[in-house]
Amino acid sequence: MCGIVGYVGKRDVVSVLFKGLTNLEYRGYDSAGMALRDDGEIKIYKTLGKLINLKNELEARKSELKHPTSGIGHIRWATHGSPSLVNAHPHTCSCGKLVIVHNGIIENYKELREELLKKGCTFRSQTDTETIAHLVADEYASAKNLETAVRNSVKKLQGAYAVCVMHKDVPDVIVGARKHAPMLVALGEDENFIASDTPAIIEYTKKTIYLEDNEIAVVTKDRVRITDIEGNEIIKKVEILPWEPAALSKQGYKHFMLKEIHEQPDVIRNVLNGKLYDIDSPIILNEVKIDKEILKKLNKIQIIACGTSLHAALSGKYLIEDFAGISVDVEASSEYIYRKTTTDESTLVIGVSQSGETADTITAIKQAKAKNSHVLIITNRPDSNMARLADSLIPVNAGIEVSVAATKSYSAQLISFYLLAIHLAEIKGTLNKEYLKSIKHELIKLPSKIEEVLSNVEPIKTCAKKFSSYKNFIFISRGINLSTAYEGALKLKEISYINATGYAAGELKHGPIAMLDETMPVLAILIPGGITYEKILSNCEEAKARNAKLIALTSSNDKNLESIFDVVIRIPEINEIISPAITCVPLQLLAYYIAEYLGKDVDQPRNLAKSVTVE
Ligand code: AGP
């Protein structure tokens, strides 16, 4: 949620920290700050709002700086204490010698604060983070060693944290520690970095070391020392990042979201590559590390995820049940973790996450692992914490996704579910050969069909303009596209702040129909050739009879639709079961253009963060 970057080395420290924070900007934030070691002092700069404000502040005060040699930077997404200057990071101890930035939530901060107040500490903010600053300073007073002080302090913390600490008396040393929040160290020549996520450092180096829970890193210009919570030194594997810095540029698009929507055909080609060769060959999914004989008998799957990933999971349920006849439960991770589940060693548990860092899903996965279930993770970040918990890992290879609203990662997750469902069906022998061939044929043709949609966005733009002033929307569908309706509504909500609900079309008459009138547009996803088309059409007629404005998203060529619907958005002809991989695209574009017309901050919608690393 918050973003952290720390740097010690030869480069211009302010630029490195600023670039790092800019590349983490997509995660969402409400304030930003830096602490710089300069001329024997630690100097702090903080501003509210966008990073540009911090840039301007640093520019205006640049005469104060001589030659900074190290520093830590932070973008904050408020949890404890409102977004304000005083609550912005870095925080300091009472005397100001120790500075800290933090991502996470300290659950026992009130108790710790009471103790520290009694010891005479002066608190200035409402944050849980400031407690850690005082705690480390208190430990430092007796330990006289920053690493030991951090180690002794984190032993007292309950909750989640990734912290970076600097001290005026310990020049050009950054001590980092983590538990339940991501943190990595990145290695350079005569310079080293510490950060909460890889985009912060990708411009400078690809060599990274991922810290695990309870590990502590001491970072200087020419050395990185990593120890466990007891102080034993650990030799960690250096990993080489697969990303290129170009992934972080908009490449001519106005927003990352639009660029990422347009990347979807190639993303799908990537996901299919090496797994689906031709319509006659079986799907190759070596990533699933379960014995085929066990898979044949598998009869219970649980999928856990949040937000957009949860919607992909719902499609996954439909596909696995339809293709392989295995019963699948889907649950929001935040619900799964607070109830007695039936998960056991014979359950396959699938965790789905773009970021691989979503705290609720990580907790859910850990709970499933504790029940000895095989855990399969579908994620866009094979370098994430969740990926490291996996027994089987399907990386979706969508490339880095910057826009807060997930688009290409959703498509990649969907396609991964198609492959998994077909793979299971092939092992279990539940589908006939001709049907399998037709599905594979449709999958292979998908990228070019999506390209067709992307090359004709005018009808979607026109529709967006026509409906951008409406305050409420209902998205309806049935069957395989119901989850697409949920996802379309979520996209609209999160980037345009319009109230939008996804609803099973057949449920409309059981309540929501009461809300329908000319102020409540109904968008229906209806794909002919399957079992739901006529039914959804009848549901639309019911809505029309209540004066609702109607939008159709369809592959039908039926010209009569124009007499029922106010707007008809057409997509290429497609088999209903494969259609969610296409229908999601116009809905992403519709949300995008409506948000654009309304002048919203498309890539960084208010109150949201790209990866939600707190429960
Ligand atoms: C997607 O547009 C949202 N911003 C959000 O719902 C997201 O999908 C959710 O927070 C889950 O994130 P994850 O996929 O990284 O776990």
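Counting starts at 1 for both ligands and their atoms, in listed order. These values consider heavy atoms only, across backbone and side chains, with no hydrogens, waters or symmetry-generated copies. Just so it is clear, the structure is predicted and the values come from calculations on it, not from any experiment. Numbers here simply count residues along the sequence, with the first being 1.
Other residues, nucleotides and ligands contribute at most 12 non-hydrogen atoms within 6.0 Å of the NZ atom of K207. Remark: K465 NZ is loosely packed, at most 12 non-hydrogen atoms of other residues, nucleotides or ligands lying under 6.0 Å away.
Nearest protein heavy-atom neighbour of atom 11 (C) of ligand 1: C306 O, 3.3 Å. Residue, atom and distance of the protein heavy atom nearest to atom 15 (O) of ligand 1 are S355 OG, 2.6 Å. Annotation: atom 2 (O) of ligand 1 to nearest protein heavy atom, E494 OE2, 2.4 Å. Counting only heavy atoms of the protein, atom 6 (O) of ligand 1 lies nearest to G307 CA, 3.2 Å. Annotation: atom 7 (C) of ligand 1 to nearest protein heavy atom, T308 N, 4.0 Å. Counting only heavy atoms of the protein, atom 10 (O) of ligand 1 lies nearest to V612 CG2, 4.0 Å. The closest protein non-hydrogen atom to atom 12 (O) of ligand 1 is T358 OG1, 3.4 Å.
Contact check for I400 versus I202: no side-chain heavy atoms found under the 4.5 Å cut-off. Residues I75 and L51 have side chains in contact (heavy-atom distance under 4.5 Å, counting atoms from C-beta outward). Side chains of S411 and C584 form a contact here, defined as non-hydrogen atoms less than 4.5 Å apart. Contact annotation: the side chain of H423 never approaches that of E287 to less than 4.5 Å [non-hydrogen atoms, C-beta and beyond]. Side-chain contact between L241 and T205 is absent, with no heavy atoms from C-beta onward closer than 4.5 Å. Looking at heavy atoms from C-beta onward, K493 lies out of side-chain contact with F473 at the 4.5 angstrom threshold.
Taking every heavy atom of S309 and a limit of under 4.0 angstrom, the matching atoms of ligand 1 come to 8 (O), 13 (P), 14 (O). Near A406, the atoms of ligand 1 lying under 4.0 angstrom from a non-hydrogen atom of the residue are 1 (C), 2 (O). Near A405, meaning under 4.0 Å from one of its heavy atoms, ligand 1 places the atoms 2 (O).
In this structure, K491 is part of the shell of residues with a heavy atom less than 4.0 angstrom from ligand 1. For the ligand labelled ligand 1, residue V404 lies inside the 4.0 Å heavy-atom shell.
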